[in-house]
Structures are given as structure tokens and as C-alpha cells.
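Keep in mind the model is a prediction, meaning the values are calculated, not measured. Residue numbers begin at 1 in each chain, while the letters A, B, ... track the order of the sequences.
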2 protein chains.
Amino acid sequence: MDQERPVKLSDISKALNLSVSTVSRALNDSHEIGEETKRIVQSYAARVNYRPNLIAQSLKEMNTRYIAIIVPEISNSFFAEIVNGVEFVANNQGYHVVIYQTHDSTEREINIIRDVARRKADGLLLSPSTNQTEVNEVMKSIGAKLPVVYFDRVPSDNYCHKVVCDNYQAAFDATTWLIKQGKRRIAHMAGPSGISISIERLAGYSAALLNAGISVDPNLIRYSNFLAREAWDNLRDLEEKYQPDAYFASSDRLSFYCYEAVQKLPEPRASEVKIVGFTNAPFAHLLRPKLSAIVQPAFDMGKIAAEMLLNTITKKNKDIEYGFIKLPAVLKNTE
Amino acid sequence: MDQERPVKLSDISKALNLSVSTVSRALNDSHEIGEETKRIVQSYAARVNYRPNLIAQSLKEMNTRYIAIIVPEISNSFFAEIVNGVEFVANNQGYHVVIYQTHDSTEREINIIRDVARRKADGLLLSPSTNQTEVNEVMKSIGAKLPVVYFDRVPSDNYCHKVVCDNYQAAFDATTWLIKQGKRRIAHMAGPSGISISIERLAGYSAALLNAGISVDPNLIRYSNFLAREAWDNLRDLEEKYQPDAYFASSDRLSFYCYEAVQKLPEPRASEVKIVGFTNAPFAHLLRPKLSAIVQPAFDMGKIAAEMLLNTITKKNKDIEYGFIKLPAVLKNTE
DNA sequence: CCATTTTACGCAATCGTTTGCGTAAATTAA
DNA sequence: TTAATTTACGCAAACGATTGCGTAAAATGG
């Protein structure tokens, strides 16, 4: 009973001696089709396993009922959880979610954004790579009403939708906790300078130090882009020259690099140096000695971002009101 | 200079007093368009930032130049690496990769497959959830020539493309290693029964035991589906009744569940029980005591699977020749 | 110089849907 | 009974791109 190629409306219309438009309306349960005809068409369509061609539908209706999400890396648990939150909301509203990863390459990111626009995604969730200005450029040039919600790494202006966690507070709390553990020479392994999360986390870190009467030593602050190499160089240099007694790491990857670097040190330093870092890795709590974790409410961030996006997609001509949601992160695994 | 809505061919044709077809051909560098006209059209198109509408192109050409990959969970490093391998190959050939996750739900999987078919993906990479027969059913019913390559969890028949790692050998090696460490009561935490990877890994495990003159104790073999609950129950039961001196875990998740359960045991068992498990988690080597890891060549698996898929997509009328690739996995972190 | 080919473009169909409009037949209203 | 309305369907345009075919004008051949 399975056909060689997908059956289309005209196949049904021929088989039933009806016009294509009647078949279409019957399947869409239009009121201007007789009940009897509807039954015939619908049951026949079910028998031959008719599925509307989404490409054709999209072309006609100018929407695709899918949203795209662009993240740096799906293997990063933080982003994976965000994706799950997005899927949760989107699927409930009949939208599919298409996932892209940039691997922190601005070039890839730009290509993906262009492609998303050309494929007419109904909306975009974006956590931009480093180069904010270039991304802005592209967002302008696609010349479409592509609704966007930024999350995690967000632009500084207020004319866009944003969902973030309270990076300042989280960094403040984490650093304060390290200070309470008696640490004074706290190094900060920061992400790329210039992006929102780096700025806010650095601010929280600095505030906590000053708050405790510790001066901020620029030598202990190291920016790493997303190459492992940079992080390792920074870590080696820090150990050689400054021997921090604690590390505050600004990302999943940096947390684990720190941890590994510290574990390789000779005792007793290896077990004395404390590390706290941003990570949503589900098994981080298994590490001994502990890696204290700043855990972001990633699933909720995804849910909220998706809700904001779908709202702006459906609320057509309503006047735009930009949202800015900030959620708290929690410090875990501090015994 | 940026327009309100995306510019289309007819916009260009009006602006330049040319027909739509001429514009189209000029942009596609057709030989039947004069060089001068081409230059004019192309430069104008560049100026107004023209991008072909991929929906329209897809409808016309009946291909979309994207492939879909369906995995259980993107946060699982094994699958994330596979995705990266797929992207590597696909992007090089001008294809985009769309990622879907099933969360190990057959229902979700089926919906996704249907959607992929309706959206006319050019091909599909599939690691099916448990219910093989239901999935087969759907694959038939979509009635399209949708090329498929299976990976990791694959059907048993030979009339499809498959990419796997040598699960039997890997399980054999891992179990043998545990035996060489002096372990005799080796529990096997298996995935869902009935799927290819579970069967092969169980076979390798059993063969290694028999090979060492150890009889296979069915009580030490536990199948867990993908709920954490089942795994925990199995682990607790094993500890209460049989107290294995080693665990062989069949998946990323099971490996970490095992590890966590064992770490919670009172000493000296906690540090005596050895664990070896399938995992591609990048930081597994940081755990102390060690978690020995069977690492699959996930990136290569993804690359090969994508190559197979793109081959069958492009080689149109060639007679189908089904491929079955098996790659070796390596045992790491065994000091 | 005329016939033939080539060049360079336009017309219109097509991909599979949806939908505005037109219209017979059936129903209702007056 | 006739006019007005409703019901139930078909025709054809549209979405934005590609492409087979037709055809003037230009280039070439003998």
C-alpha cells in the first residue's frame, strides 16, 4: 500500500474526481465543504498516507513553524539544557526547533544567521559569538522581520529581547565564598573580553574582592578566547608567576581546564587550591577534590527565551515591547 | 540602504527593466546571458543584498540541501561528537545539518521522522530509539526516497547503511581488563535489551568471562532503559544482594550512575570496586578514583556516516550498495 | 548579399499548497 | 411563485524561484 513517491493533493483530487481546492479545504476542515465530502476526502487521505508538503505550505503561507537556536557548542551542558527548555515550550506550541552550533566562530555564525533568514525560520534564539558588531551588521542586512531573542551573551542596548542569568551576583557570591574559605589571591579565568557575560562576571568578582578589602590585581585576571591553548598558557603563566590560592572560572570549559591544571600541581597545592566555576555539567559533583559550581537555570532560561520569541512571532502588529529577564544562578557543591 | 522585506527576483527585474528569468539566469551565471547584463545584475543584486528564498528554491528543485540527524540527547558527548563529524563533512559539501533529539522517546522519534520527511530533508542520519519495529513502520509509510544511514544503534538486517563501532571487541577488551585486575564478580549495566549495541556489548562481556573461565551470572546483568530510576534501582539491588567487585557500564549515563553509586559505598569498597564504561565525556579522566573509559571514535563515525549519506544522495540512479562500517573503540584511563 | 547559426533575452509553465472569487444548485424568505 | 440567500464546489492566481521553448537581433558562412 505504500506509494513510491509522496502523495500530493492532485493525486487525491484525481482519484476522487474533485478539484484540488476542494480537497485542500476538506482536509483543512473548511466550513464551505459538505460533511459527506469531507469524510470521503479525509478517510482517503488517511488511507494513502497523505502528508502536506511543508515546503509548499511554507512558500504559500510565508511561515515555516520552526524556530532556530544558535549556540556555541551543543556538548556544553549549559547550552544543551537551554535547548531542552526551548524545545519544551516550542513543541507545545507546534513549533520545531532547529539547532545550530557556531563552535565560537564568527564566520560560521554569520553564515548560519544568513541561512536561517533565507530558510525563513519564524524566529531566532541567539547567543552571539564574540564579534558583536559584525553580527549586528548581518542582522541588519538580512532585511527581514526575523524576530530575535538573545540569551546568555547579549547585546548592551535595550532595543532587543534578552534572557540572562544574574552574572554579577553569581560572580560576587562565588568570589565571596572563596574569600570566606580564606583565599586571598584569587585568579579569575575570564572568557573573551568585551562580551556581556565576561564584563558582568568580572564586575562581580572585583566587587567581592573590594568588598572584602582585597585589591584587584590585574595580573590575576586572564582572558581566554575559546582555544584550549590560550587557557593553558594563561594557567601555566599564573602558576609560574603568581601561584593563586584559588580560581574563579567563567565558563564550563575554563572550569575543567583549571581543575585539570590544579590537579597536576604537586601536593599540597593540588588539594589546597580551591576552584569555583560556571558549569552545568551534570557530573561535576563527582569530582574529588571538589569543583564548586555556579549552576545557571538553563532549562528555565530556554523556556523563557522561547516564550518571549513565540510571543513576538504570534503577536503580529502589536507594538513591540522589549523584554529583559534576569534569573538567579546558584552556587553548589560547597559542602 | 537596508530594505524592509527581503528583496526578490522580481524586485531586481523591475528595477533593471529585465525579465525575471534573465535576472535568475544572470545570477546563476548562465551562458545565455550577456557579460554586460550579468555584471549589471550581479552588482545590483549585491548592492540590495539579494538572497534567494530557499523555500522557493527547494520547492522548485525538490531538494533542500540539508540533512537531518536524530540523536537521543545532544548533551551526551558521544552524540555531540558525532554531530560535529557530520557537520564537518556536510558543510564542506554545502549541506546544512539539522539536529533533532528524541530524549529516547519513540513517540518523539516518530514525529520527528515524519516531520523530516515532510520538510523534504535530503537525507537522514538515525540512531533509533528502542522500538525498532515501530520506526520501521514509519520509515515505510513516509513513502519517499529519503536516504537513511543508521549509526550506533542499527537495525539487524543488511539492507541499509550502517556505521558502528566494534562493540563486541570493546566490551571484550574492557571485561578482560577488569579480569586482569583480579576482578571476578563483574556486573554488567546494560542498556535497553534488544537493541544492537546492548546485544553486542553483552556478547563481548560474556565471551570475555567465559574466555577466562568465569561463568556468566545472569544476576549480574541488568538492563536499564533510559530512566535514572531504573538504573539506581538496579545498582542498589546489585549492591545489596551480590556486591560485585567491578562494573562494566554500557553507556555514558550508566557509567556515571555506577561511578556515583560506588563512590557512596563505605570504604574500602568505594575505592576497590573498579568501573569501566562507555563514555566520550571529555572530563571523565579527571575523576579519582579513576573511571576507565571505552572511548568511541565518534567524530570519525559522524564523518563516515555523513559521507555515506551524501554519496547515496548524489549518486542518483546508481544501483544501491549498502555499506556497513565498523570502527574500533579504545580503552583509556587504565593507568 | 542572402541563408544560417549564434547570442541574448522574454514568455509561461512548473514545484504543491492555499484562498479569493465566481457560480451552479439547493434552500429559504416573502 | 419568484427573489434572495446559502451551500458546496471549481477556476485560477499566488508564494519565489528555475527552465524549456520561442524569437528578435546580431554574427557568421558561403
Side-chain angles (χ1 to χ4, degrees), chain A residues 3 5-42 44-45 48-65 115 117-122 142-145, chain B residues 3 5-42 44-45 48-65 115 117-122 142-145:
Chain A
Q3 55 290 329
R5 59 172 175 73
V7 16
K8 42 191 179 180
L9 283 188
S10 64
D11 297 328
I12 302 182
S13 90
K14 275 171 203 150
L16 266 39
N17 256 337
L18 289 167
S19 77
V20 173
S21 43
T22 299
V23 174
S24 171
R25 278 186 258 251
L27 290 175
N28 290 324
D29 210 35
S30 160
H31 64 277
E32 39 181 339
I33 299 296
E35 291 303 322
E36 178 62 8
T37 313
K38 273 188 199 172
R39 259 190 299 278
I40 295 177
V41 172
Q42 285 170 1
Y44 182 83
V48 297
N49 235 306
Y50 168 77
R51 310 277 167 188
N53 181 324
L54 281 189
I55 308 264
Q57 271 184 335
S58 297
L59 180 58
K60 190 66 178 73
E61 317 220 310
M62 292 312 262
N63 69 13
T64 49
R65 298 197 71 74
D115 199 72
R118 295 203 304 160
R119 290 187 189 277
K120 309 295 173 190
D122 288 348
I142 58 181
K145 30 140 210 38
Chain B
Q3 55 292 328
R5 60 174 173 73
V7 19
K8 42 192 178 177
L9 284 187
S10 64
D11 296 330
I12 302 182
S13 89
K14 274 170 203 152
L16 298 178
N17 257 336
L18 289 168
S19 78
V20 174
S21 42
T22 300
V23 174
S24 171
R25 278 186 257 251
L27 291 175
N28 290 324
D29 211 32
S30 161
H31 64 276
E32 39 182 341
I33 298 297
E35 291 304 322
E36 178 61 9
T37 312
K38 274 189 199 172
R39 258 191 299 279
I40 294 176
V41 171
Q42 286 170 1
Y44 183 82
V48 297
N49 237 304
Y50 169 77
R51 310 280 166 185
N53 181 325
L54 282 189
I55 308 261
Q57 272 185 333
S58 297
L59 180 59
K60 188 67 178 70
E61 318 218 313
M62 292 313 258
N63 68 13
T64 51
R65 297 195 73 75
D115 199 71
R118 296 202 303 160
R119 290 186 190 275
K120 308 295 172 190
D122 288 349
I142 59 181
K145 29 140 212 35

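Between K14(A) and V20(A) there is no side-chain heavy-atom pair separated by less than 4.5 Å. A heavy-atom distance below 4.5 Å is found between the side chains of L9(A) and Y50(A). The side-chain heavy atoms of T37(B) and Q42(B), taken from C-beta on, include no pair separated by under 4.5 Å. Side-chain contact check for N63(B) versus K120(B): every heavy-atom pair is 4.5 Å or farther apart. When side chains are defined from C-beta on, L18(A) does not count as touching I40(A), because their heavy atoms never get closer than 4.5 Å.
Of the N and O atoms on the side chains of N49(A) and R51(A), at least one donor lies less than 3.5 Å from an acceptor on the other residue. Side chains of S19(A) and T22(A): a donor on one and an acceptor on the other come within 3.5 Å.
Between chain B and DNA chain C, the heavy-atom contact criterion of under 4.0 Å yields a 5' to 3' nucleotide range of dA8(C) to dG16(C).
Residue K8(B) places at least one side-chain N or O under 4.0 Å from the OP1 or OP2 atom of dG16(D). For dG16(D), the OP1/OP2 oxygens have no side-chain nitrogen or oxygen of Y50(B) closer than 4.0 Å.
Atom CD of E36(B) and atom P of dA26(D) are 16 Å apart (whole Å). K120(B) places its NZ atom 21 Å from the P atom of dA17(D), with the value rounded to the nearest Å. The CZ atom of R118(A) sits 13 Å away from the C1' atom of dG16(D) (whole-angstrom rounding). The distance from atom CG of L59(B) to atom C1' of dC15(D) is 9 Å, rounded to the nearest whole Å. Following rounding to the nearest Å, R119(A) (CZ) and dG16(D) (P) show an atom-to-atom distance of 18 Å.
Remark on DNA chain C: of its neighbouring residues P52(A) and V20(B), the 5'-side contact belongs to V20(B), judged by nearest-heavy-atom nucleotide.
Of all the residues in residues 22-35 of chain B, S24(B), R25(B), N28(B) reach under 4.0 Å from DNA chain D with at least one non-hydrogen atom.
Heavy atoms of I55(B) sit nowhere under 4.0 angstrom from any nucleic acid atom. In this structure, L54(B) reaches neither bases nor backbone, as no heavy-atom distance under 4.0 Å exists between it and the strands shown. Using a 4.0 Å heavy-atom distance criterion, T37(B) is classed as a sugar-phosphate-only contact.
Salt bridge D29(A)/K38(A): present, at least one basic N to carboxylate O contact under 4.0 Å.
In this structure, the side chain of N28(A) does not engage the main chain of S30(A) through any donor-acceptor pair within 3.5 Å.
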